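All residue numbers refer to positions in the sequence shown, counting from 1. Predicted, not measured: the structure shown is a model, and the values here were computed from it.
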Amino acid sequence: MTLPDPVVLTVGSLHYDIMVEADRLPRRDETAVGSRWYPKFGGKGGNQAVSARRHGAASRMVSAVGADEFGRYLRARLQAEGVDHRFVADIANAGSGISVAILDAAGDYAATIVSGANLHLPPAVLNHPEVWQDVALLVLQNEVPAAVNLAALQQARRRGIATVLNAAPFRDLSPDLAALVDILVVNAVEAEMMTARVVSNLASAADAARVLCQRFGTVIVTAGSQGLACCRTDAAPFTVAAEKVVAVSSHGAGDAFVGALAARLCRKDDLPAACRFASVAAARHVAGKPVPLAGDVAATGMTG
């Protein structure tokens, strides 16, 4: 009998992203002129669930959308990507989450999110036994309420399922929640906010990871074009230098990394091998060469 594939379960956000391209990011009180806009599937949770699926894992999503056109688009994109979306709740009295991001000519970006339905994700959905069927790894972020993350972590611990928290965007983590996280993933900015230490290269990323490792068993600090550092309480720390690419856009690179990392961990790669694989996946994303997405702009016909 063929055993079912292990599942990456992502509990997190779905956002309808509106992307704006411009030569540069506007200054405060400035009205800048852009060159193009287009819609994009997004939300850290959604991006990570799709990345896990693209990199070979069975992927399941727990999230919430509004009963609106944006919500229908987000659900359709999950279906097109092969992500199990049975446990994406429809919230009648809240709009779907959105974000507006501005990309400059150098590939840098700034974004604002409006979480909408994501803030109304009912923790009770996690009590459904089929949510956890064949799950090998739980992936979380900080774009849904902390109570939802805590409920998911508690369920995972009871079931002996490993957990990954991408603590983005930054917010304070309760001791009860932190104690249930097996692998913490943060970027340089988030690491600085959690440790009050500047992260500017691999050495400082490793230093921040060592500090965070006092609270979490395994910590990965990503440092953009520099690479990543990992500190573990049960093994030697290590670093991975980033693959050198010509940057097109860094938007979503962290999500590509987390999803690829989760996929390889589900395949039982050891952590250094999974980190190397995910680092390459993130570099390809930055270079504009990710594993292809089904649809996006073509699915809506909306651009400007």
Side-chain angles (χ1 to χ4, degrees), residues 7-20 37-53 58-101 111-133 135 138-156 165-166 168-169 171 174 177 252 255 259 293-304:
V7 172
V8 174
L9 174 64
T10 304
V11 178
S13 58
L14 287 166
H15 290 143
Y16 184 93
D17 289 347
I18 299 172
M19 313 297 294
V20 177
W37 75 269
Y38 53 92
K40 180 179 175 292
F41 174 90
K44 288 185 177 299
N47 287 339
Q48 291 172 17
V50 166
S51 176
R53 181 70 189 99
S59 181
R60 183 174 300 141
M61 181 90 201
V62 172
S63 188
V65 296
D68 51 29
E69 181 180 350
F70 289 174
R72 289 187 288 275
Y73 168 85
L74 293 167
R75 191 183 291 277
R77 295 274 53 81
L78 288 173
Q79 181 172 347
E81 289 290 334
V83 176
D84 180 355
H85 59 92
R86 289 175 295 157
F87 304 102
V88 175
D90 290 308
I91 308 298
N93 299 317
S96 296
I98 71 159
S99 77
V100 177
T112 298
I113 66 171
V114 180
S115 295
N118 293 290
L119 298 181
H120 301 276
L121 174 60
V125 71
L126 295 164
N127 296 330
H128 197 299
E130 290 186 16
V131 167
W132 300 97
Q133 185 175 355
V135 171
L138 170 68
V139 176
L140 303 169
Q141 321 79 36
N142 281 345
E143 289 184 340
V144 297
V148 174
N149 279 355
L150 180 59
L153 287 164
Q154 289 170 336
Q155 288 270 12
L165 172 64
N166 176 212
R171 68 183 178 207
S174 71
L177 189 151
D255 297 334
L293 172 66
D296 266 354
V297 174
T300 63
M302 294 188 294
T303 62

Heavy-atom side-chain contact between [X] and [Y] under 4.5 Å:
X	Y	answer
Leu9	Val62	yes
Tyr73	Val65	no
Leu78	Val88	yes
Leu74	Gln79	no

(request) Could you go through the side chain to side chain contact (heavy atoms under 4.5 Å, CB included) check for Leu140 and Leu153 one step at a time? (result) CA-CA 9 Å; Leu140 303 169; Leu153 287 164; 3.5 Å; yes
(request) Only counting residues at least two apart or in another chain, list the ones meeting salt bridge (charged side-chain N to carboxylate O under 4.0 Å, His left out) with Arg60. (result) Asp84
To the closest 0.5 Å, what do you measure between [atom1] ([X]) and [atom2] ([Y])?
X	Y	atom1	atom2	result
Asp17	Phe70	CG	CZ	10.5 Å
Asn142	Arg171	CG	CZ	4.0 Å
Leu165	Leu138	CG	CG	9.0 Å
Arg75	Phe41	CZ	CZ	11.5 Å
Asn149	Gln154	CG	CD	11.0 Å
Leu14	Lys44	CG	NZ	13.5 Å

(request) Just do the side chain to side chain contact (heavy atoms under 4.5 Å, CB included) check on Trp132 and Val7 with the steps written out, would you? (result) CA-CA 9 Å; Trp132 300 97; Val7 172; over 6 Å; no
(request) Starting from the C-alpha separation in whole Å, work towards a yes-or-no answer on side chain to side chain contact (heavy atoms under 4.5 Å, CB included) for Ile98 and His15. (result) CA-CA 4 Å; Ile98 71 159; His15 290 143; 5.7 Å; no
(request) List the steps and the verdict of side chain to side chain contact (heavy atoms under 4.5 Å, CB included) for Glu143 and Ile113. (result) CA-CA 9 Å; Glu143 289 184 340; Ile113 66 171; 3.9 Å; yes
(message) For a quick check under 3.5 Å, do Gln48 and Asp255 share a side-chain donor-acceptor pair by atom type?
(response) yes
(message) Looking only at side-chain N and O atoms, does Ser13 offer a donor or acceptor that is under 3.5 Å from a partner on Asn118?
(response) no
Let me have the donor-acceptor pairs involving side chains of residues 122-131, under 3.5 Å, with sequence neighbours excluded, atom names and distances please.
residue : atom : partner : partner atom : Å
Asn127  : OD1  : Gln155  : NE2          : 3.0
His128  : ND1  : Glu130  : N            : 3.1
Glu130  : OE1  : Arg86   : NH1          : 2.8

Least distance between heavy atoms, [X] atom then [Y] atom:
X	Y	result
Ser96	Gly66	OG-N, 2.9 Å
His120	Ala94	CD2-CB, 3.7 Å
Val148	Leu121	CG2-O, 3.5 Å

